[in-house]
Amino acid sequence: MITIWSTAQPKLVSETFGRMLKGFRPNVPKHQFHLYKEDAEPPVVPTGEVCLVAGAKPLAVLQKAGLAPKGRTITSLREKPLKSPNNGSFLMTFDPHSIANDPPNYDILLCDLRLADRLQRTGSTEVLAGNCKWVPNFSELIEGIASDYAQTGKPVDVTVDTETMGFYPWYPDRDIVSISFTHKRGEAHVLYLGDLPGAEKVVEPQNGSVWDQVNWLLTSDRVKIRAANGKYDMIWIAEKWGIECTNFSMDTMLVGSLLDENRSNSLNLHAKLFTPYGGYDDAFNQTQDKGAMEKIPPEKLLPYAGGDTIAAQDVADTLKADLLHDDDLTRFYVTILHPAARAFEKVERRGLVIDKEKFEVLGDDLRKTIKQTQDVALGLLPQKMRIKYKDRIEDQIAQGKNPLLPSILQEFFFTPHGLNLKPYEVTPKLKNGQPVPSMKKSHLRQFEHVPTAKAMVAALTELDAASKTLSTFVEGFLKHLRPDMRLHPTYFLAHGDFDGYDDDAGTVTGRLSAKDPAIQTVPKKTKWAKRLRECFPSPPKKKLLSCDFSQGELKVVACVANEKTMLKAYEDGLDLHALTGAQMAQVDIKEFLSWKDHPHDKELAAAFEKHRGNAKPCNFGLLYGMSAEGFQKYAWASYNIMLSIEEATEMRNAFFTLYPGLLGYHDDMRKLVKTFKMVRTPLGRIRHLPTIDSWDRQARSSAERQAINSPIQGCLTDMMIWAIALLEDAYPGGELEIVAMIHDALIAYIPEGEEQLWAQRVTDVMSSLPFDKVGWKPQLKFTADAEAGPDLAHMSKIKLVA
DNA sequence: CGGATCACGCAC
DNA sequence: AGCGTACGTGATCCTT
């Protein structure tokens with residue numbers, strides 16, 4: 001019996017712990033709730049039973065009774081059982097009330113409940129270990145699967161996991177160290193492929209019977225493969241053994257992230273939340289270098305290599321049951337997300353060709369520019385400051401670093417040692433109780449009426465742009481160049497804690513992110529953008545093709561908000577960014593549009609592009625809840641237009657008067673999120689926003705803005721990944737090679753001379769997504785634009801037939 | 001000195 | 001008083 005002792009009202013207790021206990025099915029532990037009463041004695045906990053002490057008040061009772069050490073926090077007492085007078089155990093956890101203000105606490109409480117269950121059943125908090133064994137082949141496993149299949153006639157769930165030499169398969173001398181399969185609960189069959197002695201010796205899987213067995217397991221329609229972050233394993237298996245898995249049906253990372261994108265999803269966390277194996281790999285993670293699996297003695301590797309599939313098999317059962325509670329989310333996973341993840345295996349394997357020599361020449365030019373602009377900027381420092389910081393400056397230069405440190409520049413701009421300017425903007429954090437002036441260029445540019453400031457800002461702008469380009473995009477990107485002379489960025493289709501990265505990766509909205517390198521941030525509009533993009537050529541006899549949804553985000557808004565003016569504008573072919581651009585340039589829209597293709601005046605055409613481009617973030621700002629004050633700030637920082645608050649309010653009002661449906665959409669989202677604590681994209685993906693109930697007003701309104709933004713942002717990305725999945729499916733022949741995705745755009749290699757054909761084919765798929773499969777009827781057609789060229793700097797528009 | 005945090009700049 | 005979502009880098013803070 002588990003006794004849950006808390007101050008919370010019965011309703012909250014049963015909502016919180018009841019939901020958690022359901023997750024234990026079919027083995028829901030016997031439990032009872034014990035209400036906290038002031039001055040009452042602690043509950044009686046007999047031998048072998050456990051009491052979960054939830055919150056500071058019951059803990060204080062234990063402390064008063066001498067049953068818990070005094071002066072300690074719940075955090076420090078968690079996970080360590082204390083003896084009860086009757087030989088039972090007390091386990092500490094947080095108060096269920098705390099979840100409302102700090103939603104991640106839910107997971108901590110659930111972990112503690114799992115721990116209480118384990119303690120109650122096994123008498124110890126020790127991790128339950130599964131049965132892992134080295135096998136010379138998978139004959140026994142396959143027999144077991146065959147026997148299950150014979151009994152049920154249904155495909156059998158099997159979980160797979162690999163351990164590998166490092167994280168990247170693009171190196172010929174790196175290989176798979178082990179592969180594990182779990183078919184029966186709690187049992188892993190692990191094949192060791194490393195060089196170290198100690199494991200059962202196997203026939204090399206490259207050819208022969210073991211390869212046939214792995215191939216069967218990953219392609220048979222009698223098997224349904226599951227994995228945690230399976231994209232990783234599938235890429236290794238395909239690269240090293242040439243096996244293309246055809247029966248991969250469920251990924252616990254993807255499903256776990258769909259069910260709760262806010263938590264730090266990982267197999268480790270899922271195991272703690274949903275299985276008795278929670279923490280099975282904690283000791284391994286602390287003691288072993290996971291970057292070199294091949295050096296780990298087999299006896300140490302076995303419980304980890306096998307533990308992953310044992311845990312994942314159990315995790316998958318729970319997550320699948322959870323997912324199936326939501327029809328829309330299930331459909332979204334099966335129809336869109338899972339196929340997209342499979343498509344990204346191919347995208348990542350292809351990689352992007354780069355021109356290394358061009359990168360190096362660019363690097364040299366950048367270093368020259370950095371040197372020159374550094375000298376200019378240093379020359380603008382007053383002599384006193386140059387003397388004061390002489391050592392520091394020389395030291396930085398000697399190390400090849402920037403001598404114009406933020407601390408020096410702050411002193412230059414904002415103290416009497418320098419220009420003594422009064423900052424308009426400060427950083428969010430105080431330093432020594434003092435506000436710190438912002439050193440953003442957009443802030444510093446506001447002082448251009450002071451000649452020295454103007455000169456310094458100009459030099460710093462040049463310098464920092466060159467430094468950023470060099471460090472992040474030249475040197476930084478080249479660090480990720482693989483032996484095939486390609487970049488292979490990793491895409492994240494889930495949010496969580498992935499092996500090999502320090503922090504969480506992926507997004508909460510459903511957007512993808514990419515790492516190693518961050519291909520989605522390659523500059524497009526900066527001074528060096530063209531030079532940089534020239535370093536991304538197409539391979540021989542191929543051309544680059546880039547297709548994006550035209551004004552996709554605004555069109556999604558128009559549809560989900562059912563905003564009549566926007567819908568009408570799009571039906572009439574009007575450009576909403578231009579509309580706002582005209583407003584910002586304070587020009588009549590008709591005249592503004594006439595600038596666009598002005599036959600004689602190229603400057604007007606350039607001005608059109610500039611204002612339209614600057615209008616974009618402004619549109620998006622207002623769209624997603626920017627205030628009049630924010631709008632005012634934006635106009636000043638980006639346009640040097642000083643608007644009074646009345647004028648800013650007026651322009652903001654004009655925007656919402658033009659599009660009255662938007663305010664309705666904002667209101668709808670605010671109401672929805674308040675009621676359901678979540679919002680949903682039209683394709684079924686959910687954004688959970690539990691902080692809508694926070695006591696903190698700022699947190700609440702932040703959740704409101706996220707509720708407004710996420711369905712839009714998520715929807716457009718989901719359309720793009722769906723298109724990529726459909727394209728990989730429709731054109732498997734290798735002529736179309738999708739190599740990157742940048743939110744609402746895809747980049748592919750196509751055969752030279754067939755630009756028109758492939759532009760048409762790709763945009764046709766993008767603009768005719770089968771929305772009926774997920775029950776959405778958008779009012780607009782999502783058209784796509786296409787560009788092609790020899791490299792990313794020279795892309796020209798392709799005319800398409802609608 | 002190494003890790004954590006902050007500020008910034010880049011993309012959409 | 002607040003548009004949103006990311007990743008990578010360098011400076012600085014913080015702690016041992």
Side-chain angles (χ1 to χ4, degrees), chain A residues 261 392 396 399-402 404-410 425-432 436-444 460-461 464-465 467-473 475-477 479-480 489-492 495 501-526 528-529 532-533 548-549 551-553 557 616-634 652 655 662 666 687 696-714 716-717 720 740-745:
Chain A
E261 72 287 358
R392 192 88 199 276
Q396 286 289 109
Q399 289 183 53
K401 291 184 181 172
N402 182 8
L404 292 134
L405 295 162
S407 49
I408 297 177
L409 290 170
Q410 258 156 18
E425 289 177 31
V426 293
T427 61
K429 297 273 168 183
L430 299 176
K431 212 154 88 182
N432 305 324
V436 183
S438 164
M439 297 301 288
K440 283 186 292 201
K441 295 292 173 299
S442 62
H443 178 220
L444 297 182
L460 290 177
T461 303
D464 291 350
S467 301
K468 167 94 178 166
T469 310
L470 179 65
S471 64
T472 302
F473 298 111
E475 291 172 345
F477 269 42
K479 279 181 205 155
H480 302 291
T490 301
Y491 287 85
F492 295 101
H495 178 256
Y501 299 101
D502 294 338
D503 296 313
D504 279 5
T507 74
V508 288
T509 56
R511 269 195 167 178
L512 304 199
S513 69
K515 255 185 170 174
D516 296 349
I519 195 70
Q520 293 167 316
T521 63
V522 177
K524 203 171 189 179
K525 291 167 206 153
T526 66
W528 298 94
L532 197 59
R533 286 187 167 237
D548 68 330
F549 285 110
Q551 299 195 40
E553 208 160 323
V557 172
K616 272 190 183 183
C618 186
N619 263 345
F620 291 127
L622 292 175
L623 207 54
Y624 295 134
M626 187 193 263
S627 63
E629 288 80 2
F631 185 76
Q632 183 188 27
K633 251 184 162 175
Y634 176 79
R652 186 174 176 276
F655 181 88
L662 288 185
H666 285 193
R687 172 83 176 100
D696 180 358
R697 197 184 141 83
Q698 204 173 321
R700 283 202 307 274
S701 51
S702 175
E704 286 180 355
R705 290 194 301 277
Q706 287 165 353
I708 291 165
N709 171 281
S710 294
I712 312 299
Q713 206 180 76
L716 190 65
T717 302
M720 195 70 234
M741 171 180 147
I742 301 167
H743 304 308
D744 70 339

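Just so it is clear, the model here is predicted, and its values are computed rather than measured. Each chain gets a letter, A, B and so on, in the order the sequences are listed, and its residues count up from 1.
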### Task
Starting at atom CD of A:E425, determine the distance to atom C1' of B:dC8, rounded to an integer number of angstrom.
13 Å
### Task
For A:V522, report the nucleic acid contact type (base, sugar-phosphate, nothing); a contact means any heavy atom under 4.0 Å.
sugar-phosphate
### Minimum-distance nucleotide (side-chain atoms of A:K524 versus B:dA11, C:dT12, B:dG9)
B:dA11
### Query
With a non-hydrogen cut-off below 4.0 angstrom, is A:A514 in contact with a base, only sugar-phosphate, or nothing?
sugar-phosphate
#### Entry: Same-atom distance (C1') from B:dC10 to C:dG2, integer angstrom
22 Å
### Query
Think A:R705 has a side-chain N or O under 4.0 angstrom from the OP1 or OP2 of C:dG4?
yes
#### Entry: Any strand: nucleotide that pairs with C:dA11 via Watson-Crick or wobble, under 3.5 Å
B:dT5
### Query
Rounded to whole angstrom units, what separation is found between the NZ atom of A:K429 and the C1' atom of B:dA4?
13 Å
### Query
Counting side-chain heavy atoms from C-beta on, which of B:dA7, B:dC12, C:dG8 comes nearest to A:K468?
C:dG8
### Query
Taking NZ from A:K431 and P from C:dT12, how many angstroms apart are they, rounded to a whole number?
7 Å
### Query
Could you state the CG-P distance from A:D548 to B:dA11, rounded to the nearest angstrom?
15 Å
### Task
Quick one: label A:Q698 by what it contacts on the DNA or RNA (base, sugar-phosphate, nothing), any heavy atom closer than 4.0 Å.
base
### Message
Under 4.0 Å, counting only non-hydrogen atoms across every strand here, what does A:S438 touch: a base, just sugar-phosphate, or nothing?
### Response
sugar-phosphate
### Query
In whole Å, what is the span from the CZ atom of A:R652 to the P atom of C:dA1?
16 Å
### Task
Identify which nucleotide among B:dC12, C:dT5, C:dT12 has an atom closest to any side-chain atom of A:D744, counting heavy atoms from C-beta outward.
B:dC12
## Note on the structure
A:E553 CD to C:dG4 C1', in whole Å, measures 8 Å
### Sugar-phosphate, base or nothing in reach of A:G510, heavy atoms under 4.0 Å
nothing
### Query
Who does B:dC12 pair with, Watson-Crick or G-U, both distances under 3.5 Å?
C:dG4
### Message
I need the CD-C1' distance between A:Q551 and B:dC12, as an integer number of Å.
### Response
14 Å
### Candidates C:dT12, C:dT5, B:dC12 - which lies nearest the side chain of A:R687
C:dT5
### Message
Are A:V436 and A:K429 packed together at the side-chain level, in the sense that at least one heavy-atom pair is separated by less than 4.5 angstrom?
### Response
no
### Distance below 4.0 Å between A:Q706 side-chain N/O and C:dT5 OP1 or OP2
yes
### Message
Taking any heavy-atom pair under 4.0 Å as a contact, classify A:T507: base, sugar-phosphate, or nothing.
### Response
sugar-phosphate
### Task
Take the protein atom CZ of A:F477 and the nucleotide atom P of C:dT9, then report the distance between them rounded to whole Å.
9 Å
### Message
Checking contacts here: which listed nucleotide (C:dT12, C:dG4, C:dT5) is nearest the side-chain heavy atoms of A:P406?
### Response
C:dT12
### Closest to the A:T526 side chain, choosing from C:dC7, B:dA11, B:dA7
B:dA11
### Task
Using a heavy-atom cut-off of under 4.0 Å over every strand shown, decide if A:A505 touches base, sugar-phosphate, or nothing.
sugar-phosphate
### Query
So what does A:S407 hit on the nucleic acid, given a heavy-atom distance under 4.0 Å: a base, only sugar-phosphate, or nothing?
sugar-phosphate
### No-H, no-angle donor-acceptor pair, A:S701 side chain to C:dG2 base, under 3.5 Å
yes
